[in-house]
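See below for the structure under consideration.
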Amino acid sequence: NIFFKPIQNTSPPSPTKRHTKISVIGAGNVGMAIAQTILTQDLADEIALVDAQPAKLRGEMLDLQHAAAFLPRTKIIASTDYSVTVGSDLCIVSAGARQIAGESRLNLLQRNVALFRGIIPPIAKYSPGTILMIVSNPVDVLTYVAWKLSGFPSNRVVGSGTNLDSSRFRFLIADHLDVNAQDVQASIIGEHGDSSVALWSSISVGGVPVLSFLDKQQIPYEKETLEGIHKAVVDSAYEVISLKGYTSWAIGYSAANLARSILRDQRKIHPVSVLAKGFYGIDDGDVFLSLPALLGRGGVLGVTNVNLTDEEEQRLRKSAQTISKLQSQLGL
Ligand SMILES: O=C1N[C@](c2ccsc2)(c2cccc(Nc3ccc(F)cc3)n2)CC(O)=C1Sc1ccccc1Cl
């Protein structure tokens, strides 16, 4: 390097700083939102992008590299060849076939399983110790598929699950009360999407549990009000799709938030898709559902045993049965 005159008597630093590498599979709207958030939050020393379309992939890589002057130094590489992911600490999979209008969920699922057969084994080969985070939809079943195809222990396979549902839930409650969403704790668990389960007892604002607050204030809250907020979570997903055709920012930030908890060993609790067998009476086979899970450098460090109402447990078990039936048709 002609620009710098080397200084004398240098010695290498003690090898303490680990080099953190994240691979993002799928350079679509979701994958690039995740990559951009990882960059701005300085979560990795190296980001590898993989996609099936070489031109789009190179374009996204170059476009991100050109932001280097405004970002913490991060090596950004990209290839259609999975060898680019070698030695990843975390691999985030957002690749997936787009749902064709009127396509059945089973058909979309079968197309995505076929894609995963070409995505998961090479990732596992190049990074046998990595943590897999699945964002592709339908996320609960595809997290199961990734677990089966990778052969990884279940603590190293997690799905973004209802982390996004919960972040929308928190936004809507915070917006309703005009407080900061970071002061609103609220969890949605179970199956991501239309059949999720809102945990009313988990809602607290500034640490004050909402239900007991309403009881103490003798404020009659109809279940409809709470159900209304949960319904608004589902409706807002459909509204975003109808308005912009896809979602990217919320899922990007929520996935990067999970990556931070994992890579920075935060031991934070997130509602994410984990192997739910054995919890809450769920034992119809190996299903992944979102439960409040402790996330750290080893992936899923534990699942909290919140006490659920009978109705909440019943709905979780119903989702487990639906997913288990769907999975049995996949021939995995
Ligand atoms: O915000 C979204 N957008 C999507 C989307 C993004 C691009 S095209 C569609 C969405 C929005 C609405 C419905 C829906 N259904 C769906 C079900 C199974 C699939 F395999 C794929 C999509 N998906 C994907 C998705 O999961 C979400 S979150 C979401 C969806 C439905 C209900 C509640 C929530 Cl919090």
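Just follow the structure's listing: the first ligand is 1, and inside any ligand the first atom is 1.
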Point to revise | Protein residue, atom and distance nearest to atom 16 (C) of ligand 1, heavy-atom basis | key: Q99 OE1, 3.7 Å
Point to revise | Which residue and heavy atom of the protein sit nearest atom 20 (F) of ligand 1, plus the separation | key: L108 CD2, 2.8 Å
Check your understanding: Between F288 and W147, is the gap from one ring center to the other below 6.0 Å?
Key -> yes
Point to revise | Any N or O of Y246 closer than 3.5 Å to N or O of ligand 1 | key: no
Review point. Starting from atom 7 (C) of ligand 1, which protein heavy atom do you reach first, and at what distance in Å?
Key: I241 CD1, 3.7 Å
Point to revise | Identity and distance of the protein heavy atom lying nearest atom 31 (C) of ligand 1 | key: D194 OD1, 3.5 Å
Practice item. Report the member of H230, E191, R111, H192 with the shortest heavy-atom distance to atom 27 (C) of ligand 1. Key: H192
Exercise for review: Look at atom 33 (C) of ligand 1 and say which protein heavy atom is nearest, naming residue and atom and giving the distance to 0.1 Å.
Suggested key: G193 CA, 3.6 Å
Exercise for review: Measure from atom 14 (C) of ligand 1 to the protein's non-hydrogen atoms and state whether any distance is below 4.0 Å.
Suggested key: no
Revision key, fill the gap. Of all protein heavy atoms, the one nearest atom 29 (C) of ligand 1 is A237 CB, 3.4 Å
Review point. So, K231 and E227, do they make that salt bridge, N to O below 4.0 Å?
Key: no
Point to revise | Candidate with minimal heavy-atom separation from atom 35 (Cl) of ligand 1, of R105, E103, R168, R98 | key: R168
Exercise for review: Considering heavy atoms of the protein only, find what lies nearest to atom 25 (C) of ligand 1 and give residue, atom and distance to 0.1 Å.
Suggested key: N137 ND2, 3.3 Å
